[in-house]
Amino acid sequence: MNLKTQQNEALHRLTTQGVLSPDQETAVREALTGTQAPSRVADRIAEVAGYVGGGLVLGGAALLLGVSWEDLSRLGRVAVLGGTTVALVVAAVVVAGGLTAMRTVEHHRRRVVSALLSLAAITTAFTSGAAVTSHEVIVGSSSGLAAAILAYAVVPTALAYLTTAAAAVSTVLAWVTEFIPDSPVPGGVALFLLGLVGGGLALLQVLRPVPLALATGAAVALFGAQQPLAGNGSDLLAYLLTAGLALACFAAYLGVRTTVLLVAGVVATTVVVPELVWDLTDGAAGGGVLLLVAGAVLLATSLGSRWLWRIR
């Protein structure tokens, strides 16, 4: 075991014991990496080769299935997709230097391992969907989410988080639209709650990188909050959810000083106030009035954010 691996394992033990927070572990690891010799050209080439190789494997499988999908039996489709998944996982293990080294893999190889495992999560979803004869979307998206969570747990990178977030959104929409297909309201509420849960887990530092997780959670929640506008008579619910998101972001900002929360609160406020004015005036307020309202809201929230910053 080389010195770098020993250092990473020691840092991870300190994190699991509660001595260091996950962010502190990352900061120390990056500081130690910065004190070492700069990466060699060979390392960069190997990293690029890992990305290209993973992409070619996935692209080759997609091309094969695209050309022969109708000619292949269900077993054949599963074999091609499952084989691609296994190949991606094996490649990730090889790049990491073994199963035991995946949690402490070095900086450049860490990105490659994360990319390969993220691709494997995608192919897992398609494999599971192709293996069943009913509820293919639910089975596929749920399996992909489970694989993405596992990949994120092994190598918690930004790419792995984004893959997990996308899989979670797809899974929620799959379940809701399968059983309640005719109304946008349940799906919107479900995405709103999903975004809040993701943001809460980011504040607890369960999801990392924290700023990215907060921004993604807020975006998902805002997207969900706006969905009831597409349903008949559900405008009030959309306004309440969007305003609730803004208040939640401002309240969380009082405890955690991060610009992401402040920006999310401002955006949600700027969205909901003109919508509410338009609805209350029954569309009588023209574009100029709405722009004026939006500008006033931005100014007010700017002043409010300065006040929040001072009392924080």
Side-chain angles (χ1 to χ4, degrees), residues 4-5 8 11-12 22-23 25-26 29-30 33-34 36 38-66 80-129 140-171 198 202 206-213 215-217 219-220:
K4 178 64 175 179
T5 301
N8 286 333
L11 284 172
H12 187 65
D23 285 344
E25 177 190 352
T26 302
R29 181 180 289 111
E30 290 176 351
T33 301
Q36 296 176 354
S39 60
R40 298 172 301 175
V41 175
D43 294 332
R44 294 290 185 180
I45 294 175
E47 182 179 2
V48 173
Y51 296 142
V52 174
L56 288 176
V57 169
L58 184 62
L63 180 61
L64 176 61
L65 290 173
V80 173
L81 289 168
T84 303
T85 302
V86 171
L88 290 169
V89 172
V90 170
V93 173
V94 172
V95 171
L99 284 172
T100 57
M102 294 188 74
R103 289 282 297 173
T104 56
V105 65
E106 295 179 358
H107 187 60
H108 298 298
R109 288 188 296 165
R110 182 182 180 84
R111 293 197 294 262
V112 179
V113 171
S114 178
L116 293 172
L117 292 179
S118 297
L119 290 175
I122 297 173
T123 56
T124 297
F126 286 109
T127 303
S128 302
S141 59
S142 299
S143 300
L145 175 59
I149 292 174
L150 179 60
Y152 177 76
V154 173
V155 188
T157 63
L159 176 61
Y161 166 74
L162 290 174
T163 303
T164 303
V169 170
S170 299
T171 302
V206 175
L207 297 177
R208 294 178 293 158
V210 172
L212 177 62
T216 304
V220 172

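The shown structure was predicted, so the numbers you read here are calculated from the model rather than taken from an experiment.
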TODO: Evaluate the side-chain proximity of Leu117 to Thr163: yes if any heavy-atom separation is below 4.5 Å, no if none is.
DONE: no
Open item on the list: Give me the atom names and distance for the closest heavy-atom approach of Thr171 to Ser141.
Closed with: OG1-O, 3.0 Å
TODO: With the side chain counted from C-beta on, respond yes when Met102 and Ser114 share a heavy-atom pair under 4.5 Å apart, and no when they do not.
DONE: no
- [ ] Taking all non-hydrogen atoms of both residues into account, name the closest pair between Ala148 and Ala167 and its distance.
- [x] CB-CB, 4.3 Å
Task: Nearest atoms (heavy-atom pairs only) where Leu207 meets Ala213 - done: CB-CB, 4.0 Å
Task: Sole candidate of Val80, Leu88, Val86 that passes side-chain contact (heavy atoms from CB on, under 4.5 Å) when paired with Thr123 - done: Leu88
- [ ] Might you point out which heavy atoms bring Ala120 and Val89 nearest each other, and give the distance in Å?
- [x] CB-CG2, 3.8 Å
TODO: Kindly compute the distance separating OG1 (Thr85) from CZ (Phe126), expressed to the nearest 0.5 Å.
DONE: 10.5 Å
Task: Euclidean distance, Thr157 OG1 relative to Tyr161 OH, rounded to 0.5 Å - done: 12.5 Å
Open item on the list: Are more than 12 heavy atoms, taken from residues, nucleotides or ligands other than Tyr152, located less than 6.0 Å from that residue's OH atom?
Closed with: yes
Task: Ala160 versus Ser118, closest heavy-atom pair with distance - done: CA-OG, 3.8 Å
TODO: Check Thr124 against Ser143 and note the closest heavy-atom contact, atom names and distance.
DONE: CG2-O, 3.9 Å
TODO: For Arg111 and Leu159, run side chain to side chain contact (heavy atoms under 4.5 Å, CB included): C-alpha distance rounded to whole Å, both residues' side-chain angles, the deciding distance at 0.1 Å, then the answer.
DONE: CA-CA 8 Å; Arg111 293 197 294 262; Leu159 176 61; over 6 Å; no
